[in-house]
Number of protein chains: 2
Amino acid sequence: MSARTELKKTRKVDTNDDACEVNVVDARKVTSVRRKMHSADAVQLLAETFRVLGDPTRVKIVFALSKEELCVCDLATIVGASQSAVSHSLRALRQMELVRYRKQGKIAYYSLDDEHIGRLIDEGFDHVRELV
Amino acid sequence: MSARTELKKTRKVDTNDDACEVNVVDARKVTSVRRKMHSADAVQLLAETFRVLGDPTRVKIVFALSKEELCVCDLATIVGASQSAVSHSLRALRQMELVRYRKQGKIAYYSLDDEHIGRLIDEGFDHVRELV
DNA sequence: CGCTCATATGAACAGTCGTTCATATGATAC
DNA sequence: GTATCATATGAACGACTGTTCATATGAGCG
């Protein structure tokens, strides 16, 4: 630990948001990381994106859609959930712009909205593979 | 206690893959996608991983740890949450093996558990950047 | 027209989540 | 020893979530 760090040991950093009563151990790190932090909006959006993906039904839906464009009833069969449950899940995914769909007659064909989503799921399964 | 032994707890499995009364539009697609689907355990684990990341406090924590190894109190300052809230969040992240820590005296230094996590967050922010 | 199919959606319910508060542990300092 | 610091954790509470059920919309068919 540097002398410079040692000197600032018990100083409090301006939290510029709320009264957080925690001491700072390494003010240099705190300032450095804070400068890199994304905007509150981006953080909020990303958290909502992850939250939407944080459900087995929706993980299966997104994975399935990363392989094929699929209609709601086939998705329901594949993921083993009711049509209603899948439709509600698709709405959540749509609202986060994770999936889109095209209507052909009475059938709605869903697919992933962009290539980030497929990579997100793949990266996730890569991480999980080491846990099972 | 290792993070590995903490990983267990609430794992719920849905085994009802039969009560689905939906017609199939394209049986070839259904069979093809089904064959590629990951195991129920992997899907469950990935959903839990995403769910843990689906919270602004924890997104900030993981992002911060992708830049620096940090102790709990500095994390609390950076993300603007109480020490208790951060500690609870870190436990959830630990249980999913997203972060690990080393103890040095009374200070616990946290860091990301592997490089997948940092890429997951980066990929997520890439997706989100197009929404804001 | 009436009927069925594919999908969407609102309400309701049981379960879960994230925070706060109070307190515990264990290390360091005096 | 006592005091303080850094962290962990259980309980509790309000807020939120995912499903089911019932129903609605709207396209295609006869």
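Values below: every heavy atom of this structure, side chains too, minus hydrogens, waters and symmetry copies. A, B, ... follow the sequence lines: proteins, then strands. Residue 1 opens every chain.
For A/Ile61 against A/Ser89, the heavy-atom pair with the smallest separation is CD1-CB, 3.8 Å. Nearest heavy-atom pair, B/Tyr101 versus B/Ala108, reported as atom, atom and distance to 0.1 Å: CD1-CB, 3.9 Å. Contact detail for A/Pro56 and B/Val43: the closest heavy-atom pair is O-CG1, 3.7 Å.
Of the listed nucleotides (D/dG18, D/dT9, D/dC21), D/dT9 has the atom at the smallest distance from the side chain of B/Arg94. Picking from C/dA8, D/dT20, C/dT9 the nucleotide with the shortest atom distance to the side chain of A/Ser82 gives D/dT20. In the set D/dA6, C/dA11, D/dA8, D/dA6 carries the atom at the smallest distance from any side-chain atom of B/Ile107. You'll find that the side chain of A/Ser87 is closest to C/dT7, out of C/dG10, C/dT7, C/dT20. Here the nucleotide nearest the side chain of B/Cys71, chosen from D/dT7, D/dA27, C/dT7, is D/dT7. When the nucleotides C/dA22, C/dG10, D/dA6 are ranked by their closest atom to the side chain of A/Ser84, C/dG10 comes out on top.
Distance A/Gln44 CD to C/dG18 P: 13 Å, rounded to the nearest Å. Straight-line distance from the CZ atom of B/Arg102 to the P atom of D/dA6: 16 Å, rounded to whole Å. Taking atom CD on B/Gln83 and atom C1' on D/dT9, their separation rounds to 10 Å, with Å as the unit. One atom, CG of A/Leu53, and another, P of D/dT17, lie 14 Å apart when rounded to the nearest Å. Rounded to whole angstrom, the span from the CD atom of B/Gln104 across to the P atom of C/dA27 amounts to 14 Å. Nucleotide C/dC5 holds its C1' atom 13 Å from the CG atom of A/Asp74, rounded to whole Å. One atom, CG of A/Leu90, and another, P of C/dA6, lie 16 Å apart when rounded to the nearest Å. One interatomic measurement links the two molecules: OH of A/Tyr101 to P of D/dG26, which rounds to 12 Å at whole-angstrom precision.
For B/Arg91, no side-chain nitrogen or oxygen approaches OP1 or OP2 of C/dG18 to under 4.0 Å. Contact annotation: B/Arg51 does not reach the phosphate of D/dT17 (side-chain N/O to OP1 or OP2, under 4.0 Å). For the pair B/Asn23 and C/dA6, the criterion of a side-chain N or O lying under 4.0 Å from OP1 or OP2 is met. A sub-4.0 Å separation between OP1 or OP2 of D/dT19 and a side-chain N or O of A/Ser89 is present. The side chain of B/Thr57 contributes no N or O atom lying less than 4.0 Å from OP1 or OP2 of C/dG18.
Exactly one of B/Arg94, B/Glu68, B/Glu69, B/Arg102 qualifies for a side chain to side chain donor-acceptor pair (under 3.5 Å) with B/Tyr110. That residue is B/Arg94.
Each of A/Asp55 and A/Gly105 has a nearest nucleotide on DNA chain D; the 5'-most of these lies closest to A/Asp55. Map A/His88 and B/Cys73 each onto its nearest nucleotide of DNA chain D; the residue landing nearer the 5' end is B/Cys73.
B/Tyr110 comes within contact range of the sugar-phosphate backbone alone, with a heavy-atom separation under 4.0 Å but no base atom that close. Residue contacts for A/Ala85: at a heavy-atom cut-off of 4.0 Å it reaches a base atom on one of the strands shown.
Using a 4.0 Å cut-off between charged side-chain N and carboxylate O, A/Asp126 and A/Arg129 make a salt bridge.
A distance of 4.5 Å separates CG in B/Leu98 from NE2 in A/His127, rounded to the nearest 0.5 Å.
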